[in-house]
Amino acid sequence: MPRYDARRIEPKWQAYWDQHETFRTPDEVPEGPKFYALDMFPYPSGSGLHVGHPEGYTATDILSRYKRMNGVNVMHPMGWDAFGLPAEQYAIETGTHPRVTTYKNIDTFRRQLKSLGFSYDWSREVATTDIEYVRWTQWIFLQLFDTWYDPGFTWTGPDGKERTGKGRPIAELPIPAEIEQQGDDVVRQYQDDHRLAYQSHAPVNWCPALGTVLANEEVTADGKSERGNHPVERRALRQWMLRITSYAERLGSELDDVNWPESVKLLQRNWIGKSIGAEVDFYCPSLESGGTSGLSASESFEEWKQARSQSKFPAQPEESVLRVYTTRPDTLYGATYMVIAPEHPFVERLTTEENKDAVEEYCRKAGLKSDLDRTDLAKEKTGVFTGSYAVNPVNGEQIPVWIADYVLISYGTGAIMAVPAHDERDLEFAQQFDLPVIEVVETPDDAPNIGFTGEGTAINSGEFTGTPTKEFKRKIIEKLDSEGVGTKAVNYKLRDWLFSRQRYWGEPFPIWHEIDDEGNLTGKMTPVEESELPVELPEMEDFKPKGTPEPPLSFAPEEWLYKIDENGTRWKRETNSMPQWAGSCWYYLRYCDPKNDDAFIDPEKEKYWLPVDLYIGGVEHAVLHLLYARFWHKVLFDLGHVTCPEPFQKLVNQGMILGEAELTGFQDAEGNWISAKELPDNFEGETVSVAAEDVEKQGESFVLKANPSIAIDSRAHKMSKSRGNVINPDDIVSDYGADSLRLYEMFMGPLEQTKPWSMSGVEGVFRFLARVWRMVADDRAEEVQLNDAVQDVEPNEEQLRILHKTIKAVTEDIEKLSFNTAISRMMEFTNEISGQDIRPKAVLEPFVLLLSPFAPHLAEELWELLGHEESLAYAEWPQFDESKMVESEIEIPVQIKGKVRGRVKIAADADQDAMIAAAKTAVADYIEGKDIVKTIAVPGRMVNFVIKG
RNA sequence: GCCGGAGUGGCGGAAUGGCAGACGCGCUGGAUUCAAAAUCCAGUGAGGUAACACUCGUGUGGGUUCGAGUCCCACCUCCGGUACCA
């Protein structure tokens, strides 16, 4: 009884592909066109594959199989983003080494993916935790360590484009004479300060209760730990940073050249956050130390201005000057006070004796707050007056300098001029502390000027009064520039990348720190020799937190942690580890040459396979992963290790798959229904799952049949363990087969769209595959054999037309990644041909090839049944012939004033006159006795008569 | 608040400015069967009719056009992202 039996067919072909290495991409660089189809590799979690994974994976698999059949060399690899917190947490709880857990999970994922029949070249599999992989991750880190960014360097890359700004070897960094004079240590420090990988003391999320440092993602919005809900503090610790900000401009502008969704490009551009404005210097008389005694504030200001008009705008302002960044230099006349961040280096010097206590208290509190606390808009603005004043360079007015945490030290210069009339935040602050507000921009309409932040016309602005905003900006920058008190400036929201974690399960940094006799770092460091790579993680048995923010690696065995070189210098290893992002920044390169011991990738292979032609993954990586990977790629590009400026030519985000749609009703404590429309925000009653037959649609919403005043909530929710709506792909494979799972996920709707799961939908595509099976195979026979209707005869015109239309539609839909419509075209083909008593092989064979990228197991089985001995994986993709698709006669609609009033059959190639003549007969009743004012005839489409009377 | 995406039958969805709802699910009826499952056939937007006809219908209101789900303007709702970046 050979019915369609996925459980027999699928393991058979998976074994065949394995044995024959069907999808092995040759190691050597091939000839001809290539296609690199990449999936965002998964983190192998303990809970196994989720139905969201196979969605993108099936899409790239369809493209890969389709391209192979078109004679293209395909790179289609898979691997594991295997470092990560859960394995380490598990180790803390159970003592099982993270490596053990990780590789066990990888085995599960591999088994699950293999059961879905993806055409990966498994010989290229890599895990970011593999020691040979870690070696090259560390090697790339050393490249970053050995590089500085030269913003003024103009050069032409291997892509033939001229750029300004280049990552260059640190040895090429020019050392200023005054640095050189101060000796080797200062030179070394100068170099260290310019490296793309550098150290800083950045605040981290330290959770005393858990005894560990947390990543930002592990801290909730209200500043508690995600696990356990314990308070989290900010603590400054020595950290590694990557100077991604040097690449901000190129990361933004080079997005223009990639084929990505505009929404993702926009997300990245917003994240980079380029803004253009000016830096302006404000002279602070109280900061002037010595030499000015006897001069009044305004006298010393004039003296300073005089000096500036000679010296021009300096790279670093003097100790007596507050430098601000503003995007609205045109509002300079409206600046009524200044604000500096609590962390600003001038805080202490600006604070007068009588304000000292208040300022210290304020800054201490601000330091404890997380960024999230500080940016909470619901809270009132806070701040404290320093007691000092600064002088507005355009009009000599003295304005007070405040400290407030709404100004961030990490953006711009950490200081602002406040223009409360035309900035919401400044206005709020001014109202809070009763500071003056001066209008300097007039709105183009009747709206009030105060609070207006758009462009208008200047008022109260001295010589500039009456100037439109745009022009004013240009002119004031010119003026400030000529006076040496300001200049045009560009700023980015993007911050440098905090690259170290206080974790065990990550790549160790290949860095040695010199230590003194007490074991303290001297500040001198040296990279691990390339020949010494990789730096392996030390074996440790105890993963428990020690209650201090020291990384776990600082408790590593001494022989790992320390070394003494020949001349007696003692060194300690870096004990931070790299974040999970590190491995995913370059895995797409390693796939092309996964076993290379001499280089992270062979240049020839890089040149051939890169860039990735199609990269599919979730939107959650739209900013961080994709920005980090692009950054590394650009550094490697500048250093000449890769030849294309962008790693991912085309990007597609697959949509989220939600759980099955649910109907939910609400009841109060007494069991009375509450309409979903009247649900209070603080609803605390029962949510009740409602059966579909108890509900009907009324207008826009679903209501209870028994009581139509009660609206029922109908929606699909994100799959989650707590909700209990998680679908396990293994279950679908065992109940319906991998081909059904693949086909269903592609049939659900457009790839990019969020869509709810439906079990009966899975059943539907399973029924389709069973129909395909019966169309070709005899499901009543004892053995697997061809259906009697399948015959080696010439197909008729009708059959050929259906076939060629299907080939055309499926081919074009695959190219567009419109898989749902491709599948419906194959369903239409099957509906037509299944109904015929004679089904020529010559139409079934191309059809099986069309189906094969979607349902490869069934297709291989049918291909074999149709008499082929070789796998269809490299069979030639069917070509369509337009001439076989033409119909001799077609039916078109006939409209009267745009409304369909009849239809008529005409010859397919009928000209307009013939169409109109035929159409008139079809709507004779309507046009009789009427004037035809206008006639529109679209060949092959429709005829429309516009009549009068 | 700002940015992005989306609103089409009971549901998922389809439609180069040209017959709205392809295809699938669900539902109804029928065939097959001792019966069921499976399968096959027919129907299935709403109103209306004995049946046709006809009328209405793509979130709402306007507009452009011979003709609008599709283009333009205004608005509403939902989903996602983001958050004092001067």
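Values below: every heavy atom of this structure, side chains too, minus hydrogens, waters and symmetry copies.
- If you check every strand for non-hydrogen atoms under 4.0 Å, A:Ser275 touches sugar and phosphate atoms only.
- Between A:Glu763 atom CD and B:rA37 atom C1' there is a gap of 12 Å when expressed in whole angstrom units.
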Identify each atom pair where a protein N or O and an N or O of nucleotides 18-20 of chain B are less than 3.5 Å apart, giving names and distance.
residue	atom	partner	partner atom	Å
B:rG18	N2	A:Gln895	OE1	3.2
B:rG18	N2	A:Asn944	ND2	3.4
B:rC19	O2	A:Arg903	NH1	2.2
B:rC19	O2	A:Arg903	NH2	3.3
B:rC19	N3	A:Arg903	NH1	3.3

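- Across all strands shown, B:rC34 forms no Watson-Crick or G-U wobble pair with both key distances under 3.5 Å.
- Comparing B:rA86, B:rC11, B:rC23 against the side chain of A:Asp423 picks out B:rA86 as the nearest.
- Counting only heavy atoms from C-beta on, A:Leu408 has its side chain closest to B:rA86 among B:rG24, B:rA86, B:rC25.
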**Request:** Mind running side chain to side chain donor-acceptor pair (under 3.5 Å) on A:Thr382 and A:Tyr362 for me, showing each step along the way?
**Result:** CA-CA 9 Å; A:Thr382 60; A:Tyr362 184 79; 2.7 Å; yes
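- Residue A:Ser758 is out of contact with every strand shown, counting any heavy-atom pair closer than 4.0 Å.
- B:rA68 sits 10 Å from B:rG18 when the C1' atoms are compared, rounded to a whole Å.
- Under the 4.0 Å criterion applied to side-chain N and carboxylate O atoms, A:Glu662 and A:Arg723 are assigned as salt-bridge partners.
- A salt bridge links A:Lys808 with A:Glu812: the distance from a Lys NZ or Arg NE/NH1/NH2 to an Asp or Glu carboxylate oxygen falls below 4.0 Å.
- For A:Phe702, taking side-chain heavy atoms from C-beta onward, the closest of the listed nucleotides B:rC11, B:rA86, B:rC66 is B:rC11.
- Nucleic acid contact for A:Gly764: sugar-phosphate only, since backbone atoms but no base atoms lie under 4.0 Å from a heavy atom of the residue.
- Between B:rG13, B:rC23, B:rG4, one nucleotide has an atom nearer to the side chain of A:Lys755 than all others, and that is B:rG13.
- Counting only heavy atoms from C-beta on, A:Ile416 has its side chain closest to B:rA86 among B:rU39, B:rC23, B:rA86.
- Between the side chain of A:Arg328 and the backbone N or O of A:Thr453 there is at least one donor-acceptor pair closer than 3.5 Å.
- In this entry the distance linking CG of A:Asn270 with P of B:rC3 reads 10 Å, nearest Å.
- Side-chain nitrogen and oxygen atoms of A:Tyr744 include none within less than 4.0 Å of the OP1 or OP2 phosphate oxygen of B:rG13.
- Checked for salt-bridge contact, A:Arg323 and A:Asp281 meet the test: a charged N lies under 4.0 Å from a carboxylate O.
- Within 4.0 Å of A:Arg825, counting heavy atoms only, lies no atom of the nucleic acid at all.
- With a cut-off of 3.5 Å on both Watson-Crick or G-U wobble distances, the partner of B:rC54 is given as B:rG47.
- Checking B:rA22, B:rG13, B:rA86 against the side-chain heavy atoms of A:Tyr325 singles out B:rA86 as nearest.
- Spacing of C1' atoms, B:rA20 relative to B:rG45, comes out at 10 Å, to the nearest Å.
- Between B:rC11 and A:Arg715, no contact under 4.0 Å exists linking OP1 or OP2 to a side-chain N or O.
- Contact annotation: A:Thr754 does not reach the phosphate of B:rA6 (side-chain N/O to OP1 or OP2, under 4.0 Å).
- The partner of B:rC75 is B:rG59, judged by Watson-Crick or G-U wobble contacts that both fall below 3.5 Å.
- Nucleotides B:rU55 and B:rG43 place their P atoms 24 Å apart, quoted to the nearest Å.
- One finds a side-chain N or O of A:Lys697 lying less than 4.0 angstrom from the OP1 or OP2 phosphate oxygen of B:rC11.
- Whole-Å rounding puts the A:Glu660 CD to B:rC11 C1' distance at 10 Å.
- The nearest pair of heavy atoms linking A:Met942 to A:Gln895 is CE-OE1, 3.4 Å.
- Taking side-chain N and O atoms only, A:Asn820 has a distance below 4.0 Å to OP1 or OP2 of B:rA14.
- Between the side chain of A:His621 and the backbone N or O of A:Leu626, no donor-acceptor pair lies under 3.5 Å.
- A distance-only check finds no donor-acceptor pair linking the side chain of A:Glu55 to the backbone of A:Glu745 [under 3.5 Å].
- A straight line from NE2 of A:His621 to P of B:rG80 spans 18 Å, rounded to a whole angstrom.
- Within the structure, a side-chain polar atom (N or O) of A:Arg774 is placed less than 4.0 Å from OP1 or OP2 of B:rC40.
- B:rG9 and B:rU44 have their C1' atoms separated by 10 Å, with the value rounded to a whole Å.
- Between B:rC66 and A:Lys897, no contact under 4.0 Å exists linking OP1 or OP2 to a side-chain N or O.
- Classified by its glycosidic torsion, B:rG9 falls in the syn category, the angle being within 90° of 0.
- For the C1' atom pair drawn from B:rU82 and B:rG12, the interatomic distance equals 30 Å after rounding to whole Å.
- Across all strands shown, A:Phe819 has no heavy atoms under 4.0 Å from either base or sugar-phosphate atoms.
- The interatomic distance linking A:Phe945 (CZ) with B:rG67 (P) rounds to 16 Å, in whole Å.
- Checking B:rC56, B:rC84, B:rG12 against the side-chain heavy atoms of A:Lys381 singles out B:rC84 as nearest.
- Checked for salt-bridge contact, A:Glu832 and A:Arg839 miss the test: no charged N lies under 4.0 Å from a carboxylate O.
- Look at B:rA42: its Watson-Crick or wobble partner, with both distances under 3.5 angstrom, is B:rU28.
- Between A:Asn831 and B:rA22 there is no side-chain polar atom (N or O) within less than 4.0 angstrom of OP1 or OP2.
- One P atom belongs to B:rA31, the other to B:rA37, and the distance between them is 14 Å to the nearest Å.
- Whole-Å rounding puts the A:Met417 CE to B:rA86 P distance at 12 Å.
- Comparing the same atom, C1', in B:rC25 and in B:rG80 gives a spacing of 27 Å after rounding to whole Å.
- Nucleic acid contact class of A:Arg901 (heavy atoms, under 4.0 Å, all strands): sugar-phosphate only.
- The partner of B:rU65, taking Watson-Crick or G-U wobble pairs whose two distances both stay under 3.5 Å, does not exist in any strand shown.
- A donor-acceptor distance shorter than 3.5 angstrom exists from the side chain of A:Asn725 to the backbone of A:Ser720, with no hydrogens or angles considered.
- The residue among A:Met827 and A:Gly273 whose nearest nucleotide of RNA chain B lies closer to the 5′ end is A:Met827.
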**Prompt:** Yes or no on side-chain contact (heavy atoms from CB on, under 4.5 Å) for A:Met746 and A:Asn820, after CA distance, side-chain angles and deciding distance?
**Reply:** CA-CA 6 Å; A:Met746 294 301 99; A:Asn820 55 332; over 6 Å; no
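- Spacing between atom CG of A:Leu427 and atom P of B:rC84 amounts to 18 Å, rounded to whole angstrom units.
- Here B:rA86 is the nucleotide among B:rC84, B:rA86, B:rA14 with the atom lying nearest to any side-chain atom of A:Thr327.
- If you take atom C1' in B:rG47 and the same atom in B:rA53, they sit 14 Å apart, rounded to whole Å.
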